[in-house]
Amino acid sequence: MHRVVLDTNIVLSALILSAGRLAWLRHAWQHQQLQPLICRETASELLRVLAYPEFKLSRLEQQELLADFLPYTDVVELPAPSPDLPVCRDEKDQVFLVLAYVGKADALITGDADILAMREDFPGLIMSAEAFAARRA
C-alpha cells in the first residue's frame with residue numbers, strides 16, 4: 001500500500017466532488033490501496049477549510065465527509081524542531097513536505113504550484129494526481 005500525503009485541495013476535491021476527476025483517490029483510500037498520512041496541522045487545516053462558507057456544508061455534512069477520510073489515515077506526529085528540509089516559497093505548505101519526509105511517504109500528491117515547484121528538491125516524491133495515477137498503473 002502506498003503511503004501518501006494529499007494536500008488539502010486534493011482531499012477536498014476527492015471528498016466533495018464524488019464524481020469528479022479525483023474521485024478515484026477516495027475509492028483508493030477506501031479500498032486500502034493507499035494510506036493517506038495526516039498530522040495535527042494538516043487535519044486542522046482540513047477542518048478549517050471544510051467550514052468555508054463557499055462550500056455551503058452543514059456541520060453534519062462536514063462530519064460525514066471527515067468520517068469518509070479520517071478513519072483511513074495514518075496520523076504522524078511531527079517533531080519539533082522540524083527537520084532541515086528545502087523551504088517552500090509558501091511557508092503554509094511546508095507542513096506537507098515535513099509530513100511526507102517524517103511519514104516516509106511514497107508520494108506527496110498536490111496541485112499546488114508552490115509545492116510542485118519543489119519536485120527537483122524531492123525527486124520522485126512530489127507529483128500531481130495524474131502523475132501518481134500513471135505511476136500506479
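Distance check, rounded to the nearest 0.5 Å: CD1 of Ile109 to CG of Asn9 gives 13.5 Å. One finds the CG atom of Leu22 at 11.0 Å from the NE2 atom of His27 (value rounded to the nearest 0.5 Å). Atom CD1 of Ile126 is separated from atom SG of Cys88 by 8.0 Å, given to the nearest 0.5 angstrom. Taken from CG in Asp93 to CE in Met118, the straight-line distance is 9.5 Å, to the nearest 0.5 Å. The CG atom of Leu108 lies 6.0 Å from the CG atom of Leu97; values are rounded to the nearest 0.5 Å. Considering CZ of Phe69 and CG of Leu12, their distance stands at 9.5 Å, rounded to 0.5 Å.
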* Asked: Run the side-chain contact (heavy atoms from CB on, under 4.5 Å) check on Met1 and Gln33 step by step: do they pass?
  -> CA-CA 5 Å; Met1 182 173 7; Gln33 296 165 340; 5.9 Å; no

Full working for side-chain contact (heavy atoms from CB on, under 4.5 Å) between Leu37 and Val102 = CA-CA 10 Å; Leu37 305 178; Val102 172; over 6 Å; no

**Derivation and outcome, salt bridge (Lys or Arg N to Asp or Glu O under 4.0 Å), residues Glu61 and Lys56** = CA-CA 9 Å; Glu61 289 169 321; Lys56 298 180 173 83; over 6 Å; no

query = Could you walk me through whether Asp106 and Arg3 pass the salt bridge (Lys or Arg N to Asp or Glu O under 4.0 Å) check?
reply = CA-CA 5 Å; Asp106 299 308; Arg3 293 172 58 81; over 6 Å; no

Step-by-step side-chain contact (heavy atoms from CB on, under 4.5 Å) determination, Leu70 to Ile38: CA-CA 9 Å; Leu70 294 178; Ile38 63 166; 3.7 Å; yes

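Clustering ILVMFWY residues whenever any of their side-chain heavy atoms sit less than 4.5 angstrom apart, transitively, puts Leu6 in a cluster other than the one holding Leu125. Cluster membership check: Leu17 shares its hydrophobic cluster with Trp29, using side-chain heavy-atom separations under 4.5 Å among Ile, Leu, Val, Met, Phe, Trp and Tyr. Residues Leu46 and Phe55 are members of one and the same hydrophobic cluster, defined by side-chain heavy-atom contacts under 4.5 angstrom among Ile, Leu, Val, Met, Phe, Trp and Tyr. In terms of hydrophobic clustering, with Ile, Leu, Val, Met, Phe, Trp and Tyr side chains grouped at heavy-atom distances under 4.5 Å, Val76 and Phe122 are assigned to a common cluster. Side-chain heavy atoms closer than 4.5 Å link hydrophobic residues (I, L, V, M, F, W, Y) into clusters, and following such links, even through other members, never connects Val87 to Tyr101.
Across every non-hydrogen atom of Val98 and Pro83, the tightest pair is CG1-CD, 3.8 Å. Between Leu78 and Cys39, the shortest heavy-atom contact is CD1-SG, 3.6 Å. Of all heavy-atom pairs between Leu15 and Arg26, the closest is O-NH1, 2.9 Å.
Taking the six-membered ring where the residue is Trp, Phe132 and His2 present perpendicular rings, their angle passing 60° and hence far from 30°.
Side-chain contact between Arg135 and Met127: present, with at least one pair of heavy atoms (C-beta onward) separated by less than 4.5 Å. Under the 4.5 Å side-chain criterion, counting only non-hydrogen atoms from C-beta, Val95 is in contact with Thr42. When side chains are defined from C-beta on, Asp68 counts as touching Gln30, because their heavy atoms get closer than 4.5 Å. With a 4.5 Å cut-off on side-chain heavy atoms, Leu85 and Gln94 count as touching. Looking only at side-chain heavy atoms (C-beta outward), Phe96 and Thr8 come within less than 4.5 Å of each other.
Comment: Glu45 does not engage Lys92 in a salt bridge, judged by the lack of any side-chain N to carboxylate O separation of less than 4.0 angstrom.
Judged by distance alone, with hydrogens and angles left aside, the side-chain atoms of Thr73 form no donor-acceptor pair with the main-chain N or O of Val75 at under 3.5 Å. No donor-acceptor pair closer than 3.5 Å links the side chain of Ser13 to the backbone N or O of Ile10.
Around the CZ atom of Arg59, the shell of radius 6.0 Å holds no more than 12 heavy atoms that belong to other residues, nucleotides or ligands. For Tyr72, the OH atom is densely surrounded, since the number of other residues' heavy atoms within 6.0 Å is greater than 12.
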